[in-house]
Student: 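Below is a structure I'd like to ask you about.
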Amino acid sequence: MRKINLFIAMSLDGYIADNNGGVDWLHGQGDDENIDVYSEFIKDIDTILMGWNTYHQIVTELSPTEWIYGNLTTYVITHNKCDSSEQIRFTNENPANLLKKLKAETGKDIWICGGANLIQQLITENLIDKYYISVIPTILGKGIRLFENAEDEIKLKLCKTQTYNGITDLVYVRR
């Protein structure tokens with residue numbers, strides 16, 4: 001069965017974006033040492049789930065000229081009326097229900113790309129199998145929190161850590 005993976009970066013104090021939704025702080029401490037964790041992670045993924053704000057930020061700010069996830073099927077959770085394509089499917093389906101259906105289908109793993117509202121819904125339903133969290137050496141002080149008001153405790157098991165350029169990657173699985 002397919003696994004559901006959260007792969008995301010957060011500030012040391014737990015934010016995934018600043019107050020304006022900005023992510024220009026997502027970099028290390030300036031060392032030349034970098035590891036391409038994304039390329040390794042994406043090998044096992046064929047489906048992405050993201051919220052509207054994440055999608056909109058990608059197509060208007062981060063990569064406005066090219067859809068950077070071209071070879072993956074992306075589901076965008078939104079109430080906006082948009083025309084779907086083969087690669088990008090817009091839906092207002094309940095994210096938990098959609099994920100349960102996708103998980104039962106054949107394929108590689110599923111990546112929860114963002115944003116915070118979507119992630120919170122999936123955490124509440126305890127649907128995330130693996131948490132890949134890169135802690136960025138920055139304290140934002142305020143912004144959009146990754147983990148906000150979880151209703152129930154979710155016990156995790158640490159299965160991997162690595163550090164590079166001041167960034168610490170933490171990989172957890174549900175126990």
Side-chain angles (χ1 to χ4, degrees), residues 1-11 14-27 37-134 136 138 140-152 154 174:
M1 188 171 277
R2 302 167 85 180
K3 298 289 183 202
I4 300 171
N5 301 296
L6 173 63
F7 182 86
I8 200 160
M10 72 176 190
S11 65
Y15 296 99
I16 60 172
D18 64 24
N19 262 357
N20 299 317
V23 293
D24 60 343
W25 52 271
L26 286 175
H27 47 79
V37 293
Y38 174 80
S39 293
E40 190 60 34
F41 168 77
I42 206 73
K43 287 181 196 174
D44 296 322
I45 301 295
D46 67 3
T47 304
I48 301 173
L49 188 67
M50 67 178 65
W52 173 260
N53 290 341
T54 300
Y55 167 78
H56 188 259
Q57 185 175 41
I58 291 168
V59 298
T60 60
E61 295 173 38
L62 304 177
S63 183
T65 59
E66 172 188 20
W67 181 243
I68 55 176
Y69 306 121
N71 58 340
L72 305 171
T73 303
T74 302
Y75 290 86
V76 179
I77 306 297
T78 181
H79 295 294
N80 296 317
K81 298 291 181 196
C82 300
D83 292 328
S84 293
S85 68
E86 178 104 9
Q87 296 172 321
I88 305 170
R89 301 174 186 177
F90 298 95
T91 179
N92 65 357
E93 186 172 352
N94 175 291
N97 293 341
L98 174 61
L99 263 184
K100 289 172 187 173
K101 281 194 275 188
L102 291 172
K103 189 170 181 167
E105 293 176 0
T106 325
K108 293 182 176 182
D109 290 348
I110 301 163
W111 172 21
I112 308 306
C113 182
N117 186 333
L118 173 63
I119 293 166
Q120 287 308 313
Q121 291 177 59
L122 302 176
I123 288 173
T124 298
E125 296 286 331
N126 198 13
L127 289 174
I128 298 172
D129 297 306
K130 202 169 211 179
Y131 294 76
Y132 292 80
I133 299 172
S134 296
I136 307 298
T138 298
L140 290 177
K142 56 187 172 185
I144 300 170
R145 280 209 175 276
L146 176 55
F147 302 111
E148 189 75 51
N149 301 322
E151 295 188 16
D152 296 314
I154 298 175
R174 281 188 293 163

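The basis for the numbers below is simple: all heavy atoms, side chains too, and nothing from hydrogens, waters or symmetry mates.
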Student: State, yes or no, whether a side-chain contact exists between K100 and E125 at a heavy-atom distance under 4.5 Å.
Tutor: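 Side-chain contact under 4.5 Å: yes.
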
Student: Please check if any side-chain donor atom of Q121 sits under 3.5 Å from a side-chain acceptor atom of N117, or the reverse.
Tutor: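 Result is yes, a qualifying pair exists.
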
Student: Has the side chain of N80 got a donor or acceptor atom that lies under 3.5 Å from a matching backbone atom of C82?
Tutor: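 Here the side-chain-to-backbone pair does not exist.
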
Student: Could you tell me whether the side chain of W52 reaches within less than 4.5 Å of the side chain of V76, counting heavy atoms only?
Tutor: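 V76 reaches W52 side chain to side chain.
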
Student: Does I4 reach the side chain of L99, with side-chain heavy atoms less than 4.5 Å apart?
Tutor: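 They are in side-chain contact.
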
Student: How many angstroms lie between OG1 in T54 and CD1 in I16, if you round to the nearest 0.5 Å?
Tutor: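 Reported to 0.5 Å precision, the distance equals 6.5 Å.
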
Student: Work out which heavy atom in V37 is nearest to a heavy atom in F7; give both atom names and the distance.
Tutor: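 Looking at all heavy atoms of both residues, the closest pair is CG2-CZ, 4.1 Å.
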
Student: Run the side chain to side chain contact (heavy atoms under 4.5 Å, CB included) check on L146 and I119 step by step: do they pass?
Tutor: CA-CA 8 Å; L146 176 55; I119 293 166; 3.9 Å; yes

Student: Is the shortest heavy-atom distance from the side chain of D46 to the side chain of N71 under 4.5 Å?
Tutor: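 With C-beta onward as the side chain, the pair stays apart.
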
Student: Which is it for I8 and W111 under the side chain to side chain contact (heavy atoms under 4.5 Å, CB included) test, yes or no, and what are the steps along the way?
Tutor: CA-CA 10 Å; I8 200 160; W111 172 21; over 6 Å; no

Student: Does the pair Q57 and V23 meet the rule for a side chain to side chain contact (heavy atoms under 4.5 Å, CB included), with working shown?
Tutor: CA-CA 10 Å; Q57 185 175 41; V23 293; 4.0 Å; yes

Student: Check the side chains of T47 and R2 for a donor-acceptor pair under 3.5 angstrom, ignoring hydrogens and angles.
Tutor: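 Per modelled atom types, R2 and T47 side chains form a pair under 3.5 Å.
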
Student: Mark yes or no for whether D109, through its side chain, and I45, through its backbone, hold a donor-acceptor pair below 3.5 Å.
Tutor: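 The answer is no, because no donor-acceptor pair under 3.5 Å joins these two groups.
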
Student: Please verify the inter-ring angle class for Y132 with F41; under 30° counts as parallel, over 60° as perpendicular, anything in between as tilted.
Tutor: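 The rings of Y132 and F41 stand perpendicular, inter-plane angle above 60°.
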
Student: Do you know the tightest heavy-atom contact between P95 and L118?
Tutor: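 Nearest heavy atoms, P95 then L118: CB-CD1, 3.4 Å.
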
Student: With a sphere of 6.0 Å drawn around NZ of K130, does it hold more than 12 non-hydrogen atoms of other residues, nucleotides or ligands?
Tutor: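 Check fails, neighbour count at 12 or below.
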
Student: Is there a donor-acceptor pair closer than 3.5 Å between any side-chain N or O of T124 and the backbone N or O of Q120?
Tutor: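 Checked: pair present.
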
Student: Any side-chain heavy-atom pair from Y75 and Y55 closer than 4.5 angstrom?
Tutor: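 Result no, sub-4.5 Å side-chain heavy-atom pair not found.
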
Student: Given side chains that start at C-beta, do those of T74 and W67 come closer than 4.5 Å, heavy atoms only?
Tutor: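 A side-chain contact exists here, since the closest heavy-atom pair is under 4.5 Å.
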
Student: Can you name the closest pair of heavy atoms from C113 and I48 and give their distance?
Tutor: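 In this case the closest contact between C113 and I48 is CB-CG2, 3.6 Å.
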
Student: Before accepting this row, confirm whether a basic side-chain N of the pair D129/K103 lies closer than 4.0 Å to the acidic partner's carboxylate O.
Tutor: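 The answer is yes: the pair qualifies as a salt bridge.
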
Student: Determine, stepwise, if the pair R145 / M10 fulfils side chain to side chain contact (heavy atoms under 4.5 Å, CB included).
Tutor: CA-CA 8 Å; R145 280 209 175 276; M10 72 176 190; over 6 Å; no

Student: On a heavy-atom basis, which atom in I128 and which in R174 lie closest, and how many Å separate them?
Tutor: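 Nearest pair, atom of I128 first, then R174: O-NE, 2.9 Å.
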
Student: With the side chain counted from C-beta on, respond yes when T91 and L98 share a heavy-atom pair under 4.5 Å apart, and no when they do not.
Tutor: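 The answer is yes; the side chains approach within 4.5 Å.
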
Student: Quick check on E105: does its CD atom have over 12 non-hydrogen neighbours (other residues, nucleotides or ligands) under 6.0 Å away?
Tutor: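 Yes, CD of E105 has more than 12 neighbouring heavy atoms, counting only those of other groups under 6.0 Å.
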
Student: Do T73 and R89 have side chains that get closer than 4.5 Å, going by heavy atoms?
Tutor: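 Yes, at least one pair of side-chain atoms sits under 4.5 Å.
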
Student: Mind listing the closest non-hydrogen atom pair of I42 and S39 along with its distance?
Tutor: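 For I42 versus S39, the nearest heavy atoms are CG2-O, 3.5 Å.
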
Student: Return the minimal non-hydrogen interatomic distance between W25 and S11, and the atom names on each side.
Tutor: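 Between these two residues, the closest heavy atoms are CH2-N, 3.5 Å.
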
Student: Quick check: does any side chain N or O of T60 sit under 3.5 Å from a backbone N or O of H56, one acting as donor and the other as acceptor?
Tutor: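 Such a contact is found between T60 side chain and H56 backbone.
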
